[in-house]
Amino acid sequence: MASKAPPATRHVISINDLSDAEIEKIFEMAQGFLDELPDPNFSYRIGKSTNIAPNHILATLFYEPSTRTRLSFESAMLRLGGNTITSADPATSSAAKGESLADSVRVIANYADVMVIRHPRDGAVRLAAEFSPIPVINGGDGSHEHPTQTLCDLFTLKKKNKHLKNLKVAISGDLKGSRTIHSFVYALARFGAHIDPMPAPGMELPAHVDRRLREEYRCEIVSKHGDDAAGSIDALYVTPDQPHQQSLFSGPEVDYGVVVQKKVDAVYVTRFQKERWTEKDQAYPKIDAKFLKEPKYSQASVLHPLPRVGELDAAIDSDSRAVYFQQAAYGVPIRMALISLLLGLQKGKPLATFESGFEQPKYPLYEQPILTGIRCANKNCIVHEPMEAQYVRNKFNIVKTEFSPQPRLRCFYCENDIDDFVIAHKKNHWFTEDADGVLRAANQNLKDFVFFADAGQATEAGFHHRRNSAEPKAQAEGAKSS
Ligand code: NCD
């Protein structure tokens, strides 16, 4: 059933699918698409009308409500001189009849040149992209990521502050459920900004995002009150001087005291993502004039991906620190730039051939046969959607960092981690908890193995515990030679 996209097709599912250089290129091009309006009191900027995309079609496939993302993508394509087709209501599309995402995408790819998808399931757009020969852009997938919103957020910060390095950015509200936050914090860390989390009670950054910031982006956590408070809500992620990859060999050289004392450069507010929680009423922080009176916020821009539903007081709309409507307006030139790069509409390198400046760690990928073995532990992951379960394979990157030498499984689609699992040898029929030892001995030759959630699942599938085996050593050797 799988029909793979040709290798040159670039998809933008995570902010980490774009290199730093590509993000800078998008900003440079977006600047060129900005229409500076003559009225200085009307500070919003819209996209210039051009005619560089005649005969090109953008499809928007939205399984979840949207105003800004869908309309700004469509506006962007029209301003480029192209056309749009849309499926914005799942009730009126074939999804209502039970069509799989894979089938819908393969059909729509024949009708358009580039596609934007929004979906309530985490990882859905990564799955969709596997079946698309045309570029797919993530318009927001569950609580996973929303990379183009992050491009608007970074662009807004950059316009305001000229650069992102050493900015101190407070993030407020539902840090767990907000996909905009997850893409945003990775980008902040990559560009050297410091992240000051201000979660609503119980809505801290998800554990896998927190761990990734610390272990893969080398953020150091400093407590604002002196304790070492990893994972606590009273923590500040300080990004090393040389963010991300370059810093792998040198620790951050940052004066923590200075960062803790530093005034906040931006407050990023998010709404309670009620559609992703079963609890309905929550204590929730409100950002208003009183909050912003604190001296540390005197220069802080206020951002919000919108929509707001009470957590951001309308009384501050006229405050010069409020930039959220500008942020939304930038959605058009930013998306014009992204579409243009993806389709190679302008001279210069299209994204497909752009030299990457952001080398992501390459973790081995384990692809599991259908209907056996471990499944992603995140119940909102696309792999659990009944319509998709008939064809989707569970896939995991095997992630090992120097901080946690025991490998963990990161779902290829939703990027949640699984720490505890067992590994089984397909031919020899044993399983063990010692995945690290086995994978090292077998030189990570993954095709010989299958992962299970626990001993019970492995036993049920006909495997026996290696420690109970009569010839454990010989079988381990089997793993080495196979
Ligand atoms: C956000 C989203 O959909 O994730 N909206 C947007 O695209 N600007 C934020 C939200 O819905 O809270």
Side-chain angles (χ1 to χ4, degrees), residues 12-15 30 44 46-47 58 60-76 86 88-90 116-126 136-157 169 171-187 198-200 203 205-206 209 266-277 280 282 284-287 301-314 322-335 338-339 380 382 414-415:
V12 180
I13 313 300
S14 160
I15 192 67
Y44 315 143
I46 54 168
L58 169 95
T60 49
L61 179 57
F62 276 50
Y63 295 89
E64 230 192 21
S66 169
T67 303
R68 270 152 295 276
T69 303
R70 187 170 65 82
L71 293 183
S72 63
F73 261 114
E74 294 181 5
S75 171
T86 191
D89 178 5
V116 186
I117 303 177
R118 170 170 286 191
H119 199 283
R121 290 275 194 175
D122 306 352
V125 189
R126 180 75 71 196
V136 173
I137 304 172
N138 183 2
D141 60 328
S143 57
H144 175 226
E145 283 210 39
H146 192 344
T148 62
Q149 179 61 48
T150 291
L151 293 174
C152 303
D153 305 340
L154 296 182
F155 189 67
T156 308
L157 283 179
V169 182
I171 49 173
S172 162
D174 184 356
L175 311 188
K176 193 177 175 69
S178 296
R179 54 196 174 203
T180 60
I181 289 284
H182 306 152
S183 299
F184 190 47
V185 292
Y186 295 142
M198 300 193 309
M203 300 185 199
L205 283 175
V209 176
V267 183
Y268 191 98
V269 190
T270 56
R271 75 180 169 91
F272 173 48
Q273 305 285 306
K274 64 176 184 344
E275 63 274 44
R276 316 204 193 286
W277 291 84
K280 288 298 164 211
Q282 297 286 314
Y284 208 78
K286 180 159 182 164
I287 307 301
S301 313
V302 181
L303 289 88
H304 194 307
L306 302 176
R308 62 176 159 186
V309 290
E311 68 288 339
L312 180 61
D313 194 345
V323 294
Y324 28 89
F325 289 117
Q326 249 164 290
Q327 186 187 351
Y330 290 145
V332 174
I334 282 285
R335 290 174 171 119
L338 179 63
I339 295 167
N380 196 47
I382 188 66
C414 75
E415 301 189 273

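In this text the structure is predicted, and so the values were computed from the model without any measurement. Numbering of residues begins at 1 and proceeds along the displayed sequence. First listed ligand is number 1; within each ligand, the first listed atom is number 1.
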message = Could you check whether R179 and S143, counting side-chain N and O atoms only, form a donor-acceptor pair closer than 3.5 Å?
response = no
ask   = Listing by chain and number, which residues have a heavy atom under 4.0 Å from ligand 1?
value = R68, T69, R118, H146, Q149, R179, T180, R271, Q273, P305, L306, P307
inquiry  = Within this structure, what is the CG-OG distance for the pair D153 and S301, rounded to the nearest 0.5 Å?
reply    = 12.0 Å
Applying ring pair (Phe, Tyr, Trp, His ring centres under 6.0 Å), name anything that partners [X], two or more places apart in sequence or on another chain.
X: F155; result: F27, Y330
X: Y324; result: none
X: F184; result: Y268

query = Is the NZ atom of K274 crowded by more than 12 outside heavy atoms at less than 6.0 Å?
reply = no
